[in-house]
Amino acid sequence: MRLIPFVAAAVAAVAVLTGGIASAAGVERSPSVSPQFDGTVHTTVYLGETVYVGGSFGNAIVGGRSVARSRLAAFDARTGALLDWAPKADGTVRAVATDGHAVYVAGEFSRISGAKRDSLAKLDASSGAVDAFSHAIAGSPVALAVQGGRLYVGGRFTQIDSSRRTNLAAFDTATGALDARWTPTTDDAVESLAAGNGRVFLGGSFHRTGNVSNSLRLTAVDPVTGALDKGFLPRPEAVVHSVAVGADGTVYAGMGGQGGRAAAYSPDGRQRWLRVFDGDVQAVAALGDVAYVGGHFDRACETARNGSQGACTDGSLSRVKLAAIDGSGRLLDWAPQANGVVGVRTLSAAEPLRQVVAGGEFTMVAGASWKRLAVFG
């Protein structure tokens, strides 16, 4: 992709001002150079050395200058330079995913770059051109995942085109056709999807997956047939806002509930560790055996006990909106300390770059101005 010339120059000018202190988590506490945004960042995804961003913003901010970006943007993960990939959505973008060639987006829009698209669209990863892929959705898609030639969609909806689909659907990425075979259902909203380890993991507020009772909040289904994997039924005690799958098959979940929780599960659904916070964990990403979590918490509890309104009862450590947890469940000393009421809404990680990107509603990280997006590497 071609860089916007004045943006690249601005990045070079401020690069010497950034830095950080290496932590046990393996990424720095202070962010590296990246664009900032004038509205909420709801979602991010890596494709090689490019990060695609979606949200409710109208501009990217680089070097103190505003550059028009209507709810979609992309930047170079290594240099932080804003790229000229600039499709325009007329409503909030809630989810982005990529198959290596295209970028899929879902949200509350009805048009992308002037083309009618009902809440779901496919964009060229290089040019941003809108693909012919188009479907009518009765409801709100908020989660996407791609694996094995299928695009998986989750949210709260009842129909795709003329076919009944209850909160879940899949499409053939080559033809764009709705997958007639993949028809799992849930009885309430799906908030997050993650594809990996030969399964599609679902997180949300549901209590039933398919017709199976007590298959609640975090489940796995077959990526081809949609059949529930009855060998993975961890049954977490609170709504699951975010799901991620590690390279070793570990499944990570960010949850709400009394305070908030982050947990790791083995592929057979056994809980490996649980960490409790004083506010919801809204985002989770895995880098190696470290889980990065974000949300609107301010403190990490030293035990699994907390009281009214999530307050830690047995001591706590300051972890404002961001934290990191190792493979044994030990809280690491990585504490960038973001701000805001809602805080962090999304996290993505790139193993080859040893990098984590956070997005949300924060405007400060590590004591400096970082508006709604921060890259840690």
Side-chain angles (χ1 to χ4, degrees), residues 11 14-37 40-46 51 53 55 61-62 75 77-80 241-242 244 252 254 259-262 275-302 312 316-327 329-351 353-377:
V11 169
V14 299
V16 295
L17 302 179
T18 67
I21 303 170
S23 76
V27 299
E28 296 180 346
R29 292 186 180 93
S30 296
S32 57
V33 174
S34 70
Q36 310 297 284
F37 293 90
T40 302
V41 171
H42 285 282
T43 179
T44 58
V45 69
Y46 281 89
V51 179
V53 183
I61 304 167
V62 183
F75 67 93
R78 287 196 183 276
T79 67
H241 295 303
S242 182
Y252 301 94
R261 285 157 170 69
R275 296 293 319 194
V276 174
F277 296 82
D278 67 349
D280 284 5
V281 176
Q282 301 170 151
V284 61
L287 190 63
D289 67 349
V290 174
Y292 293 85
V293 300
H296 63 76
F297 52 83
D298 293 324
R299 306 195 71 81
C301 302
E302 294 196 69
C312 303
S316 64
L317 296 168
S318 178
R319 293 292 185 275
V320 186
K321 318 308 179 193
L322 287 161
I325 305 158
D326 72 9
R330 183 172 61 98
L331 190 69
L332 298 179
D333 63 357
W334 186 76
Q337 310 294 73
N339 72 339
V341 176
V342 175
V344 174
R345 286 187 175 273
T346 179
L347 288 166
S348 298
E351 187 73 46
L353 300 175
R354 299 298 299 172
Q355 213 178 72
V356 175
V357 59
E361 299 184 19
F362 53 85
T363 58
M364 300 282 291
V365 179
S369 177
W370 292 97
K371 294 181 179 178
R372 302 172 185 91
L373 188 131
V375 178
F376 304 94

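Hydrogens, waters and symmetry mates are skipped; everything else that's a heavy atom, side chains included, is used.
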**Student:** If you compare all heavy atoms of Ala286 against all heavy atoms of Tyr252, which two are closest, and at what distance to 0.1 Å?
**Tutor:**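 So the two residues come closest at CB-CE1, 3.5 Å.
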**Student:** Is Lys321 salt-bridged to Asp298, going by a charged N under 4.0 Å from an acidic O?
**Tutor:** yes
**Student:** From Ile61 CD1 over to Ser34 OG, what is the distance, rounded to the nearest 0.5 angstrom?
**Tutor:**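 OG of Ser34 is found 11.0 Å from CD1 of Ile61.
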**Student:** Donor-acceptor check, side chain of Asp278 to backbone of Gly259, threshold 3.5 angstrom: yes or no?
**Tutor:**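 Not confirmed, Asp278 side chain does not pair with Gly259 backbone.
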**Student:** Is there a side-chain contact between Pro31 and Val375, using heavy atoms and a 4.5 Å cut-off?
**Tutor:** no
**Student:** Let me know which of Val293, Leu347, Thr346 forms a side-chain contact (heavy atoms from CB on, under 4.5 Å) with Val284.
**Tutor:** Val293
**Student:** Residues two or more places apart in sequence or in another chain: which of them pass side-chain contact (heavy atoms from CB on, under 4.5 Å) with Asp326?
**Tutor:**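 Only Ser328, Arg330, Leu332 meet the side-chain contact (heavy atoms from CB on, under 4.5 Å) criterion with Asp326.
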**Student:** Any sub-3.5 Å donor-acceptor pair from Arg275's side-chain atoms to Gly329's backbone N or O?
**Tutor:**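 Flag set: sc Arg275 to bb Gly329 pair under 3.5 Å.
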**Student:** Hey, could you give me the NE2/CG distance between His241 and Asp280, rounded to the nearest 0.5 Å?
**Tutor:** 4.0 Å
**Student:** Give a yes or no answer on whether the side chain of Asn339 reaches the backbone of Phe362 with a donor-acceptor pair at less than 3.5 Å.
**Tutor:**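 No, the answer is negative, given that no donor and acceptor are paired below the 3.5 Å cut-off.
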**Student:** Could you tell me how the ring of Phe297 sits relative to the ring of Phe277: parallel (under 30°), tilted (30 to 60°) or perpendicular (over 60°)?
**Tutor:** tilted
**Student:** Without swapping roles, check the side chain of Arg78 against the backbone of Leu353 for a donor-acceptor pair under 3.5 Å.
**Tutor:**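 Not a single qualifying donor-acceptor pair exists.
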**Student:** For the pair Arg372 (side chain) and Phe37 (backbone), establish whether a donor and an acceptor sit closer than 3.5 Å, ignoring hydrogens and angles.
**Tutor:** yes
**Student:** Give a yes or no answer on whether the side chain of Glu351 reaches the backbone of Ala349 with a donor-acceptor pair at less than 3.5 Å.
**Tutor:**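 Pair absent, no side-chain N/O of Glu351 close to backbone of Ala349.
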**Student:** Taking the side chain as every heavy atom from C-beta outward, state whether Val53 and Phe75 have any atom pair closer than 4.5 Å.
**Tutor:**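 Counting from C-beta outward, Val53 and Phe75 do come under 4.5 Å.
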**Student:** Whether the side chain of Trp334 engages the backbone of Glu28 through a donor-acceptor N/O pair (distance < 3.5 Å, no angle test) should be reported.
**Tutor:**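 Confirmed, Trp334 side chain pairs with Glu28 backbone.
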**Student:** With a 3.5 Å distance limit and no angle check, can you tell me whether Gln282 reaches the backbone of Gly294 through a side-chain donor-acceptor pair?
**Tutor:**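 Side chain of Gln282 to backbone of Gly294, a donor-acceptor pair under 3.5 Å: no, none is there.
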**Student:** Kindly give the heavy-atom pair with the smallest separation between Ala300 and Cys312, and that separation in Å.
**Tutor:**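 So the two residues come closest at C-SG, 4.1 Å.
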**Student:** For the pair Gln355 (side chain) and Phe376 (backbone), establish whether a donor and an acceptor sit closer than 3.5 Å, ignoring hydrogens and angles.
**Tutor:** no
**Student:** CD1 of Ile325 to CZ of Arg319: how many Å apart, nearest 0.5 Å?
**Tutor:**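 Going from CD1 on Ile325 over to CZ on Arg319, the span is 10.0 Å.
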**Student:** Would you mind reporting whether Arg29 and Asp333 have side-chain heavy atoms less than 4.5 Å apart?
**Tutor:**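 They are in contact (side-chain heavy atoms under 4.5 Å apart), so the answer is yes.
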**Student:** Quick one: closest heavy-atom pair of Ala77 and Val51, and the distance?
**Tutor:** CB-CG2, 3.9 Å
**Student:** Please determine whether side chain to side chain contact (heavy atoms under 4.5 Å, CB included) holds for the pair Leu317 and Leu331, giving the CA-CA distance in whole Å, both sets of side-chain angles, and the decisive distance to 0.1 Å.
**Tutor:** CA-CA 9 Å; Leu317 296 168; Leu331 190 69; 3.8 Å; yes
**Student:** Can you tell whether the side chains of Arg345 and Glu361 come within less than 4.0 Å, N to carboxylate O?
**Tutor:** yes
**Student:** Working to the nearest 0.5 angstrom, can you tell me the gap between Met364 CE and Gln337 CD?
**Tutor:**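 Going from CE on Met364 over to CD on Gln337, the span is 12.0 Å.
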